[in-house]
Each structure stands twice: as C-alpha cells, then as structure tokens.
2 protein chains.
Amino acid sequence: MTDQKIPRATAKRLPIYYRYLNILLDADKTRVSSTELSDAVKVDSATIRRDFSYFGALGKRGYGYDVESLVKFFKKILNQDRLTNVGLIGVGNLGHALLNFNFHQDGNVRISAAFDVNEELANTIQSGVPIYPMTDLRKQLEEQQIQVAILTVPADVAQEVTNDAVAGGVKGILNFTPLRITVPKDVRVQNVDLTNELQTLIYFLEHYNHKD
Amino acid sequence: MTDQKIPRATAKRLPIYYRYLNILLDADKTRVSSTELSDAVKVDSATIRRDFSYFGALGKRGYGYDVESLVKFFKKILNQDRLTNVGLIGVGNLGHALLNFNFHQDGNVRISAAFDVNEELANTIQSGVPIYPMTDLRKQLEEQQIQVAILTVPADVAQEVTNDAVAGGVKGILNFTPLRITVPKDVRVQNVDLTNELQTLIYFLEHYNHKD
DNA sequence: AATAATTGTGAAAAATATTTGCAAATTCTT
DNA sequence: AAGAATTTGCAAATATTTTTCACAATTATT
C-alpha cells in the first residue's frame, strides 16, 4: 500500500516472473540467477535485477535468488496468497466464456458473482457462479465486498453500469468494452479491447514487416 | 507498406479516433477540429495533430478536418476497407466465445476457419465457422491464405501450434495463451494475457490508490 | 587464499511520448 | 475586401519511461 511506485513495465513483468518461478519450484530447483531467468523469460538480466530491486534486496550476491523465498515473496506481492473475489458484469458471449476461464491458476481469483439484465439468466447459476439481475448490482457488490469487476456489457450501457459498480465499491475494472469509461481517480481501469488489439495487429502487419 | 514507422502509442490511438470519427459521420457532421476531437477522445489536441501528421497533411488550416475524408482515409489505413480473414486456433471456452464475438464492427474481420484437436468438434460448423482438425492447420491456412491467427489453445501446445501456423503462412498472431511464443522476426505477436491483466490490476489496486 | 559468480544500483543512454510555439493557410466577420 | 479569428502542421524542446552499462560489494567454490 505504501510501496514506492514501481514502473508500469516492471509491474507487467511480475506475473511472468512469478509464473516461471513456479515452474522452477515444481522442478525442485532451489536457486536461480538473473541470467538463467533471463533466458527463460526473454528479459535482459539487468532488467530483471532492476525489477527485483524495486522490492529490496531479494537475492544474494555470488549466489543468485532462492527460488522458494522468491516465489513466496511474489505470491504475496501479487496477492496470490489470498482469495480475490471478482464480479462479472454482463453474461453475454464473452462474459460466459470468462465464467469458465481459468483465471485462478492458483486459486487466488474467483468470479463469485455475475450480473445480467436478462431476466432469464438472472437467478440461475452458470458454471457454478450465481447470476444476479443487473438491478441488484450495487447491492450485491456491497454485500459481497467485491472490489474488482470484469466489464463485459454492451458499449452503450458501459458507463452507466460502471457508475453503478463504482457506487457499489468497486476499485478496479477490467474493461472489455470499447468505451473508455470515466471513473473517479481512486478507481483503476485496465482496458482489454479485443477489436482494437486485432486491428492494431493487422495494421502493423500491413505496414511493417518486422516484429516490434 | 513503406510508411515510415509511426509510434506504437499513435497506432494504438488510431482505432479510437476511427471509432469516434464514424460517430461524427453518422451524425452528419462534416468537419471537426483537433480541439473538438480532443474533448471527445480525451487526448490532447496537439497529440492528435501530431498523430495525424504522421500520415501527411490530412486537415486544412483554419478549417479543421473533413470528417468524411478522414474516415475514408483511416478506413484504408486500418484495413477496414477490405476483408481480413482470420483463423481461430483452439475452440475451447475462450475460442468459442470469440467465434461469436463481434470483431467485425464494420465487417472487415471475419473468422473464416477454426481449428481444434477435438475430433468431435472437427468437421462441424460452429457459429457459422467451419472447424477443421488440428492436423489440417497448415494446409487450410495455406489454402485459404489466412495470415492472421487467434491463438486460444492450452499453453503446453502453444509453441508447437504456433510453429505449424507460421509454417502455414501466418504473419500475425493474437496470442491468448500465457506463453510467450517464439516466432520468426517477420511474424508479429500481440499478447492478450487475461490472467496477467487481472493480476496486474489487482496488484495496482493493492499497492497504490490512484489511477495511472 | 585466490578465483569465479552474481547481486544491487548509481548513472548514462536510449527509447518513447508529449507539449510548445508559431508560421502558414484558411475561414469568418463586418 | 480588409482585418480578425481559427486552426493545421511541424520543428524543436521537453518530459517521461525504460533499458542498459559498468562495477563495487558480497558470497560461493576450489
């Protein structure tokens, strides 16, 4: 909560490190050097050391990093040590798929409630997740103390729904709608615009012929 | 094809501009200034002009931009004027959802073939898209001249499948697997790691309390 | 004890992105 | 038609972010 800010680029690499460190742990490796890690995750070793150093001195000079304690450390940093309940708003195509999607690689993230306007869907259970009517959004989010929401509603209601969700106490939104929603400054939005991604990909494809 | 490189940040904003310009066009607006656009898309007007200027002089001084020609121009730039066929590799949860997903806002992107190892699925048609067995991947991609693939297979076969796809002529991959796949340098990969996005979101949530 | 390995980090460099400031062009106003 | 008001395009300046270098300090190994 009171860490100094780490660069966005670093934050984005953390899950990648974490994932690989777990592989090492499973393989009973006890130590790893930044050079070794570098090969595996394709990130320059100096960058890795720099990234790690934002969190203090995690390694030992002349030795490297202890896999187990590093995993333990990142587990905590990445909130993998406790369960984060997530609300899914909008159970259409994509929403439905995400209900089944394995977010919880280590069981730390769980979609614990979903919401939809469709009266047919509401009050049923889909893939083990209860679906509530959209009218209960705010109430349920509050009651279940859900702070993270996945937004998969049609763009034209996105802002409206967002306002509701924020009123219900949501602090982080994974936004799958193409709309750039407006939120209070203490709420964080992460946009995943699939159409955009695909368009950007096609753009680069047509206009350059080289990676990055 | 031989444009000078435009910044990544600019490329990412293009679809946003494009989307809004279409709204203007639908509303029968004939002209728009960078300042107006700025308000709508929340990007500084100088940045917008800068962005546009990478493509030459698109506006008229003292006037602004002609909405219709700008839309037309971006339509071309963003390949919205022709159909791009896309292959979907892996028809699991997510894959299935993407089959129904409305990528084709303007009918320019179409998933024209899908692939799965599951023998039950193969040779059926799902959501109007023929599913081929994974063994036909390379052949079908070649035959149908598909250059863009969406990768939604399990991580442990991701690299293998990628190699096949690349052998089949794929030049762009929208990679939904958590694996960082390796490709020849003329192939572009755009990663969409949902687990990662969610984890990063949660990380920021716990560790800061302010947007960006 | 000497040698090799490896971290952590200040500082430099590189890469990326935004903003300023203004001449030039055009439209609008009277 | 002259003058005022807009508005682009763009070079240059600035800012921000990210990566890399380079090496002292520390630890492990032989």
Side-chain angles (χ1 to χ4, degrees), chain A residues 3-17 21 24 29-70 73-74 77 200 203-204 207-208 210-212, chain B residues 3-17 21 24 29-70 73-74 77 180 191 200 204 208 210-212:
Chain A
D3 328 45
Q4 50 177 339
K5 284 223 195 312
I6 60 160
R8 192 184 255 317
T10 297
K12 286 197 173 168
R13 282 189 292 263
L14 295 182
I16 297 169
Y17 298 145
L21 287 169
L24 291 181
K29 278 212 84 184
T30 54
R31 54 185 276 194
V32 66
S33 70
S34 58
T35 325
E36 254 180 292
L37 259 178
S38 173
D39 286 342
V41 300
K42 311 269 172 56
V43 174
D44 186 88
S45 70
T47 303
I48 293 179
R49 294 201 298 282
R50 165 63 87 234
D51 282 348
F52 285 6
S53 79
Y54 289 111
F55 302 100
L58 305 179
K60 256 192 210 161
R61 300 177 178 203
Y63 176 88
Y65 301 87
D66 180 73
V67 174
E68 198 181 334
S69 29
L70 209 50
F73 185 81
F74 278 123
I77 284 287
T200 306
Y203 173 79
F204 277 114
H207 296 265
Y208 311 106
H210 288 288
K211 223 183 122 188
D212 274 16
Chain B
D3 328 44
Q4 50 178 341
K5 284 223 195 313
I6 61 161
R8 196 185 250 320
T10 297
K12 285 197 173 168
R13 282 189 291 263
L14 295 183
I16 297 169
Y17 299 145
L21 288 168
L24 291 180
K29 279 212 85 185
T30 54
R31 53 185 277 194
V32 66
S33 70
S34 57
T35 324
E36 253 180 293
L37 259 179
S38 173
D39 286 342
V41 300
K42 312 268 172 58
V43 174
D44 187 89
S45 70
T47 303
I48 293 180
R49 294 202 298 282
R50 190 88 189 70
D51 282 348
F52 285 6
S53 78
Y54 288 111
F55 301 101
L58 304 180
K60 255 191 208 162
R61 301 176 178 202
Y63 177 89
Y65 301 88
D66 179 73
V67 175
E68 198 181 333
S69 28
L70 208 51
F73 184 81
F74 278 123
I77 284 289
R180 306 190 120 204
N191 294 302
T200 306
F204 277 113
Y208 312 105
H210 289 288
K211 223 184 122 188
D212 274 16

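Just so we're clear, the structure is a prediction, and the values are computed from it rather than from any experiment. As a basis for the values below, the full set of heavy atoms in this structure was taken, side chains included, without hydrogen atoms, waters or symmetry mates. Below, chains carry the letters A, B, ... as their sequence lines are ordered, and counting in each starts from 1.
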Between A:Lys12 and B:Thr200, the two heavy atoms sitting closest are CA-OG1, 4.4 Å

Heavy atoms of A:Ser45 and A:Ser38 approach each other most closely as N-OG, 3.5 Å

Margin query: When you compare the side chain of A:Leu24 with that of A:Tyr65, does any pair of heavy atoms fall below 4.5 Å?
Written below: no

Chain A reaches DNA chain C, atoms under 4.0 Å from its heavy atoms, from C:dA5 to C:dA11

Legend entry - Heavy atoms of other groups near B:Glu68 CD, more than 12 under 6.0 Å: no

List, with names and distances, any nitrogen or oxygen atoms from the protein found under 3.5 Å away from nitrogen or oxygen atoms belonging to nucleotides 19-21 of chain D.
| from | atom 1 | to | atom 2 | distance (Å) |
| --- | --- | --- | --- | --- |
| D:dT19 | OP1 | A:Arg13 | NH1 | 3.1 |
| D:dT19 | OP2 | A:Arg13 | NH1 | 3.0 |
| D:dT19 | OP2 | A:Arg13 | NH2 | 2.7 |
| D:dT20 | OP2 | A:Thr47 | OG1 | 3.4 |
| D:dT20 | O4 | A:Arg50 | NH2 | 3.3 |

A:Asp66 atom CG is separated from D:dA28 atom C1', nearest whole Å, by 15 Å

Correct closest heavy-atom pair for A:Tyr63 and A:Thr30 would be OH-O, 4.4 Å

Heavy-atom closest pair (B:Phe204 atom, A:Ala11 atom, distance to 0.1 Å) is CZ-CB, 3.6 Å

Here the residues of residues 30-42 of chain B within 4.0 Å heavy-atom distance, strictly under, of DNA chain D are B:Ser33, B:Ser34

Of B:Gly62 and A:Gly56, the one whose closest nucleotide on DNA chain C sits nearer the 5' end is A:Gly56

To the nearest angstrom, the OH-P distance between B:Tyr65 and D:dT6 comes to 17 Å

Within a strict 4.5 Å, meaning less than it, do heavy atoms of the A:Val41 and A:Ile48 side chains meet? yes

Rounded to whole Å, NZ of A:Lys60 lies from C1' of D:dT26 at a distance of 11 Å

Heavy-atom closest pair (B:Arg49 atom, B:Ser34 atom, distance to 0.1 Å) is NH1-OG, 3.1 Å

message = Tell me if the centroids of the rings in B:Phe74 and B:Phe52 come within less than 6.0 Å of each other.
response = yes

Side-chain touch A:Tyr17/A:Leu70, heavy atoms, less than 4.5 angstrom = no

